[in-house]
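Working notes, structure below.
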Amino acid sequence: MSSTTDATPTPGVSLTHRQIMTVLSGLLLGMFLAALDQMIVASAMKTIADQLHGQTLQAWATTAYLITATITTPLYGKLSDIYGRKPMYLAAITLFLAGSLLSGIATSMYELAAFRAVQGLGAGGLMSLAFAIMADIISPRERSKYSAYFMAVFGSASVLGPVIGGVFAGLDSFLGVTGWRWVFLVNVPIALLALFVVARVLNIPHQRVNHRIDFGGAIALTVGLVPLLIVAEQGREWGWASGLSIAMYVIGVLGLVAFVWVENRMGDEALLPMRMFRNHTFALGNTINFVLGIGMFGGMVSIPLYLQIVKGVTPTVAGLLLLPMTFGIMSATAIAGKVTSTTGRYKVFPIIGAGLMAIALFLLSTIGTDTPTWQVMIYMFLMGAGLGQCMQTLLLAIQNDAEPRDMGVATASATFFRQIGGTVGTAVFLSILFSTVGGKIADGLRAAAQTDAFRAALGQNPEFAKMLQGGGGVDINNTEFLNGLDPVLAKPFLDGFSSAIDTVFLTGGIVMIAAFVLVWFLREKPLSTKSGLERVADAETLAV
């Protein structure tokens, strides 16, 4: 018990490295839980979608998770300012645990999407609260040095996640339960361990901020975001100018207008106080976060699909092939953190990072069915190196320029806007992919049908020929039919998927050019040498 007491920070006093690492152990477990889940699900999603017969519906499972994680992120920031970081962090882990259990028993893609939404309710707090707590106990100048620990968590999750996800996705059953269900059930023991550790070690002083909870703002934000994200996913099915789509646009816009009105009325009690947008760093930094989220998810959603569908590798191998991106993120973050801590300069890193991401996405838009895998891995490394220089640096800039009373909201906002961008990017890019792939495959089949080799291969496979009769007879909701198919017959499908994925990468590259231009306008302010707790104590001393 004494070790826990010794590790409890004293208000207004700088923490020792041992105290920081004690608190950090609890935060890293929670972050590991969220990071591992994202990597496991990403590597296994194709198999899950095939098993639940919903390849074109997979965006629902991803988007539902991102919607709830996005909407709850600013709410966690505000509630943690009121009730303290620790109880909200424990609540986030508990919700994530419940969502994992439910996802493990899903029987359809729609059920899985609903249960992933429950997971998202917890995930909204896991990342943002961890960064807010770090801002409480470590100064901006020193904080960059500890970013290596966070990247180590993401790195280990990136290595373990795809392997674990691939193994479970490849098993018919494990302990009497269908293999892919363990992709979610594996979170349960980790979440229970995280609950125990966080309850024991996450002891930091909290001074309650007496705020009203902005439920009106949360409802308005939900009404604004959900219809727009749904139409982004379903627009290709409904028709972008259909009555249903137009209704979603109108409801979404009205919801966002209502959100701004409510936030102005609530003042400092707002979920996202409008006064904070008068701060140049906050407003521009979060605009860049939004654009970065779009471009980032454009690549992260598409690369595993390319590797598994076009290259035909297993989920496990696809996950391992993502390691160059992980290495790029970790090495770039470590270098940027070290330089920032030594020099206090940071603006150059998001400039270089956004430029590298744009270049990487444009290079990825040139890959095809026959592109060597090593070449794709180099492009992935470049994308990771760009991403590693952007994420932590932009968060650091926003936290450095925020008032101590706003630290929870300011930190949550960075995650919030990046998540909105990621949600929009996931929905839009998967819509682009699946709305174009059918036409590209049809074009490829028409061209291939003119060749003797294709006709000969088709003649030896009468069952497949029957599937193609009448046009469009192949169901791309389940791509398992490509496994073992004659390479001559499979090539139009592989080329079609590859070409459609290239369109996604190209669009992502254009988005990242916008981020690159915006970063140049970010003002570089000197990094503070005091933690959030020390700044609060100083403010109280001056007030007395």
Side-chain angles (χ1 to χ4, degrees), residues 14-15 17 20 24 130-132 134-152 154-155 276 278-293 295-296 327-360 381-404 406-407 410-411 413-415 417-418 512-535 538:
S14 179
L15 273 67
H17 177 71
I20 291 172
L24 202 62
F131 289 126
M134 290 299 290
D136 286 340
I137 63 176
I138 308 174
S139 72
R141 184 71 178 260
E142 292 297 307
R143 203 174 304 148
S144 54
K145 290 196 300 187
Y146 288 90
S147 62
Y149 294 103
F150 289 100
M151 288 305 106
F154 284 111
M276 296 182 72
R278 292 194 289 271
N279 179 303
H280 169 87
T281 305
F282 181 90
L284 182 58
N286 281 321
T287 301
I288 298 167
N289 268 323
F290 172 76
V291 179
L292 177 68
M296 175 175 73
F327 180 68
I329 293 173
M330 291 179 63
S331 56
T333 302
I335 293 169
K338 182 69 174 176
V339 173
T340 298
S341 179
T342 304
T343 66
R345 308 302 297 270
Y346 56 87
K347 180 178 175 178
V348 65
F349 296 114
I351 292 175
I352 296 172
L356 275 178
M357 284 185 69
I359 291 169
F381 172 81
L382 287 177
M383 185 170 174
L387 190 56
Q389 294 181 73
C390 289
M391 287 177 62
Q392 293 292 324
T393 310
L394 289 170
L395 174 62
L396 185 66
I398 291 169
Q399 289 178 328
N400 180 61
D401 207 26
E403 297 179 34
D406 294 326
M407 193 57 69
T411 304
S413 72
T415 306
F417 283 102
R418 189 169 61 244
M512 285 311 303
I513 287 179
F516 177 74
V517 172
L518 287 171
V519 169
W520 285 92
F521 295 96
L522 191 68
R523 296 172 191 160
E524 186 175 45
K525 294 197 172 184
L527 292 176
S528 171
T529 56
K530 293 189 175 182
S531 69
L533 292 176
E534 291 176 293
R535 290 167 65 191
D538 289 348

Evaluate the criterion side-chain contact (heavy atoms from CB on, under 4.5 Å) for residue pair Phe417 and Thr287; output intermediate values, then yes/no. CA-CA 7 Å; Phe417 283 102; Thr287 301; over 6 Å; no
Report the C-alpha separation of Thr333 and Gln389 in whole Å, then their side-chain angles, then the decisive distance to 0.1 Å, and conclude whether the side-chain contact (heavy atoms from CB on, under 4.5 Å) test is met. CA-CA 6 Å; Thr333 302; Gln389 294 181 73; over 6 Å; no
Carefully, step by step, assess Tyr346 and Glu524 under the rule side-chain contact (heavy atoms from CB on, under 4.5 Å). CA-CA 7 Å; Tyr346 56 87; Glu524 186 175 45; 3.7 Å; yes
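Contact annotation: the side chain of Leu394 never approaches that of Asn286 to less than 4.5 Å [non-hydrogen atoms, C-beta and beyond]. Arg345 places none of its side-chain heavy atoms less than 4.5 Å from the side chain of Val339. At a threshold of 4.5 Å between non-hydrogen side-chain atoms, the residues Lys347 and Arg523 do not count as touching. Counting only heavy atoms from C-beta outward, the side chains of Ile351 and Trp520 approach each other to under 4.5 Å. Looking at Leu24 and Met134, their side chains come closer than 4.5 Å, going by heavy atoms from C-beta outward. Proximity of Leu284 to Val519: side-chain heavy atoms (C-beta onward) are nowhere separated by under 4.5 Å.
A donor-acceptor contact shorter than 3.5 Å links the side chain of His280 to the backbone of Phe521. Checked by atom type and distance alone, the side chain of Thr340 never pairs as donor or acceptor with a backbone atom of Gly337 at under 3.5 Å.
Contact detail for Met512 and Gly295: the closest heavy-atom pair is SD-CA, 3.9 Å. Minimum interatomic distance between Cys390 and Gly353 (heavy atoms only, all atoms of both residues): SG-C, 3.6 Å. Summarising the geometry of Ala514 relative to Val291, their closest heavy-atom pair is CB-CG1, 4.3 Å, with the distance given to 0.1 Å. Between Ala332 and Ala385, the shortest heavy-atom contact is CB-O, 3.2 Å. When every heavy atom of Ala354 is checked against every heavy atom of Ala515, the shortest pair comes out as CB-C, 4.2 Å.
With Ile398 as the partner, the side chain to side chain contact (heavy atoms under 4.5 Å, CB included) test is satisfied by one option alone out of Thr393, Asn289, Asn279: Asn289.
Note: Leu387 CG to Met296 CE = 6.0 Å, rounded to the nearest 0.5 Å. Expressed to the nearest 0.5 Å, how far CE of Met276 lies from CG of Asp401 amounts to 9.5 Å. Atom CG of Leu292 is separated from atom CE of Met391 by 7.5 Å, given to the nearest 0.5 angstrom. With rounding to the nearest 0.5 Å, the separation of CG in Leu356 from CZ in Phe516 is 9.5 Å.
Within a 6.0 Å radius of CZ in Phe282, more than 12 heavy atoms belonging to other residues, nucleotides or ligands are found.
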